[in-house]
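Structure first, commentary second.
Treat the numbers as computed from the prediction; the structure is a model and nothing was measured. First listed ligand is number 1; within each ligand, the first listed atom is number 1.
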Amino acid sequence: MQHQPPTHLNPRSPLVLDTRELPRRPGAMRKVSRSVPAPADLGLALIGVPAGATLSLDLRMESVSEGVLVSGTVAGPVEGECGRCLNQIGDTITVSVQELYAYEHSTTDETTDEDEVGRLQGDLIDLEPAVRDAVVLALPANPLCREDCPGLCAECGLPLADLPADHTHEQVDARWAALSKLNIEE
Ligand SMILES: [Zn+2]
Ligand SMILES: [Zn+2]
């Protein structure tokens, strides 16, 4: 992971949580339920959440001694392409998120790396990296339209699932083979 310089978070960004309403007293808790548009590139090469699709956040923010623990679920639609037959795949995913965000200047802030423990920026939490990690982990690197997708015919490239079971390119007769050769050469 690359270190990113601190950026100013916009409290109105869909994936930024504002903790001002959450007392900084261990045990204090606030629920966050909202629907937000998905950021771009949320997913992998072959499958992901389309940019702008609705993500449903169902989270709780809890004060702990060194920061805020965010936990709950994020759900949304995914679209992709079958790795075998290239058919479109549509599905939904629900991923769990659990992430600690340390207060600025807390002991945790000063003794851990930002890659290990997230940071609050003032009162704000940037949830996007955690959501991104959870979604990417939940998605298959090689998505399939169905578990037993037979893929494409190696000869003609059509999806085998759409072809009759006896689909074949074997030449039964030498004369036909000669004919089809002629056709190709035309
Ligand atoms: Zn398929
Ligand atoms: Zn074929």
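Criterion: ILVMFWY side-chain heavy atoms under 4.5 Å apart, direct or through other members. Under it, V64 and L120 are not part of a common hydrophobic cluster. No continuous path of ILVMFWY side-chain contacts below 4.5 Å connects L17 to L100, so the two sit in separate hydrophobic clusters.
Counting heavy atoms from C-beta on, the side chains of V117 and R119 come closer than 4.5 Å.
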Just distance, no hydrogens or angles: give the donor-acceptor pairs under 3.5 Å from side chains in residues 24-32, sequence neighbours left out.
residue : atom : partner : partner atom : Å
R24     : NH2  : G122    : O            : 3.4
R30     : NE   : E21     : O            : 3.1
R30     : NH2  : E21     : O            : 3.3

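Geometry at the Zn ion (ligand 1): SG/C149 and SG/C82 form an angle of 110°, nearest 10 degrees. Geometry note: the Zn ion (ligand 1) is the vertex, C85 SG and C145 SG are the arms, and the angle is 110° (rounded to 10 degrees).
Counting only protein N, O or S atoms, the number found under 2.8 Å from the Zn ion (ligand 2) is 4.
The 12-atom threshold is not exceeded at CG of D41, counting heavy atoms of other residues, nucleotides or ligands nearer than 6.0 Å.
Atom CD1 of residue I89 and atom CD of residue E79 lie 10.5 Å apart, to the nearest 0.5 angstrom. Interatomic distance, CG of L127 versus CD1 of I125, reported as 7.5 Å (0.5 Å rounding).
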